[in-house]
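One structure is given here, and the rest of the page talks about it.
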Amino acid sequence: VTLGDGRLHDRVRGASWPVNATAAFVLERSGHPLGSVADALAVAHGASRAQARADVLAFVWALNEAHLANVLRGGRRLARLVGFVRVAVRLTPAGRLPALAARRRELDTRSLRAAVWSCAVACAARGLVVACLACVPALPLSGGSPSLAVTLAASTALGLVVHEAGHAAALLRTPAALVTHGRRTVVLHGLLTSRRTASVALAGPGVAAAAGVAVTAAGALSTSLELAVAGLPLAAHAAGLTVLATDGRRACGL
Amino acid sequence: VRALKAFLLGAVATSVLVYTALTTLAVAVHVSGGGLSLTLGGLTFLEARADGGMDVLVIGPGVVLAGLAGGSANALAAAITGRRSR
């Protein structure tokens, strides 16, 4: 995403939006702490610091919501996690979670290998979180067997990576980015022909489901329960081919 | 075309899900040393048994029927979704 000629250009989506002088002022200072940007804005426009901070925060959150800017929080990860849990507990009576920032990572789609690798790297942190979270239901589901639980959790995380890598591979030589926002993981791309849109949508769940069938079949041939179980979370991505999922609806042109 | 596409995708998805679930179940039964036969109205879904020192795993025509049912359900859901979005 770049700023030029008074417009904000998104290379991946192939779109641009006009920006006013204040927005350009903030965007030109991307990479700087938001507090210092707000202070500079207050000085430049003769506004109060509180008003400038509120305006900058609202603008940056709107950009983040539109997947046009990343908001990186300072401090240690553990401290951030503790802070998140603290706010989440306070918001419990309202039945809401603290606002989660979207994170956009560019994908290198110049070659198949680069597309798969860049997607795997972009998904790695998310995959680790998914694996840790999957351990919770995996342990009782596996009848208390740690090896089966770890297999299920690892396969669940692998499923996420394979699914998104499938989308990235189908977007060969097309600008793309991986966006993680709360529970959602999305591969962002520009407008494509209806046929290409369908093939990109099918590639994610299709590749993951095919991998699931292959792993389960290998488990049956070698009578390895771990291998057979490992295929289940991967094969579950087949549900993404139906109209219950966004990919399935997109593939059907809905 | 949309209905056919939805039917095919639904059939593939259901077949994959049923096949992997049944195969994993068969391997689990085999590992525990037992045998298993899953039939519905005479239609075999899965049969796992030891036959003369050989392990026999039969994924029956029930999987195909489940796929057809899943495909029909998906085509119906696609038609309803398409009508609502118009």
Side-chain angles (χ1 to χ4, degrees), chain A residues 141-143 145 147-148 151-152 155 159 163 194-195 197-199 201-254, chain B residues 1-36 46-50 53-59 63 66-86:
Chain A
L141 277 174
S142 58
S145 162
S147 66
L148 278 184
T151 305
L152 263 176
S155 177
H163 183 125
S194 58
R195 183 176 280 191
T197 302
S199 66
L202 288 179
V207 169
V213 170
V215 171
T216 303
L221 286 173
S222 59
T223 54
S224 160
L225 186 57
E226 275 79 7
L227 212 51
V229 163
L232 284 176
L234 287 161
H237 284 263
L241 297 170
T242 68
V243 292
L244 295 172
T246 311
D247 285 334
R249 287 195 294 275
R250 202 166 280 173
C252 290
L254 292 168
Chain B
V1 176
R2 181 189 285 168
L4 179 66
K5 204 186 268 186
F7 175 80
L8 289 174
L9 290 175
V12 169
T14 313
S15 304
V16 164
L17 291 171
V18 172
Y19 166 77
T20 48
L22 290 180
T23 306
T24 307
L25 185 66
V27 174
V29 166
H30 174 77
V31 167
S32 65
L36 179 73
L46 171 77
E47 197 178 342
R49 60 189 151 83
M54 281 208 8
D55 301 317
V56 179
L57 171 66
V58 180
I59 304 286
V63 176
L68 292 176
S72 305
N74 197 46
L76 185 68
I80 293 168
T81 311
R83 198 168 293 172
R84 275 190 189 167
S85 61
R86 255 183 239 151

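Side chains are part of it too, since the values below use all heavy atoms of this structure and drop only hydrogens, waters and symmetry mates. Labels below follow one simple rule: chain letters A, B, ... track the order of the sequence lines, proteins then strands, and each chain is numbered from 1.
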Heavy-atom closest pair, residues A/Ala198 and B/Lys5: CB-NZ, 4.4 Å
Donor-acceptor pairs are to be reported for all side-chain atoms of residues 211-234 of chain A against protein atoms at under 3.5 Å, with residues two or more places apart or in another chain.
| from | atom 1 | to | atom 2 | distance (Å) |
| --- | --- | --- | --- | --- |
| A/Thr216 | OG1 | A/Gly212 | O | 2.9 |
| A/Ser222 | OG | A/Ala218 | O | 2.8 |
| A/Ser224 | OG | A/Leu227 | N | 3.2 |
| A/Glu226 | OE2 | A/Ser147 | OG | 3.1 |

Leading residue by heavy atom contact count with chain B [cutoff under 4.5 Å; candidates A/Ala251, A/Gly240, A/Ala209]: A/Ala251
Residue selection (most heavy-atom pairs with chain A, distance under 4.5 Å) from B/Ala78, B/Ala21, B/Ala77, B/Ala3: B/Ala78
Show every donor-acceptor pair shorter than 3.5 Å between a side-chain atom in residues 9-19 of chain B and any protein atom, with sequence neighbours excluded, or say none if there are none.
| from | atom 1 | to | atom 2 | distance (Å) |
| --- | --- | --- | --- | --- |
| B/Thr14 | OG1 | B/Gly10 | O | 2.7 |
| B/Ser15 | OG | B/Ala11 | O | 2.7 |

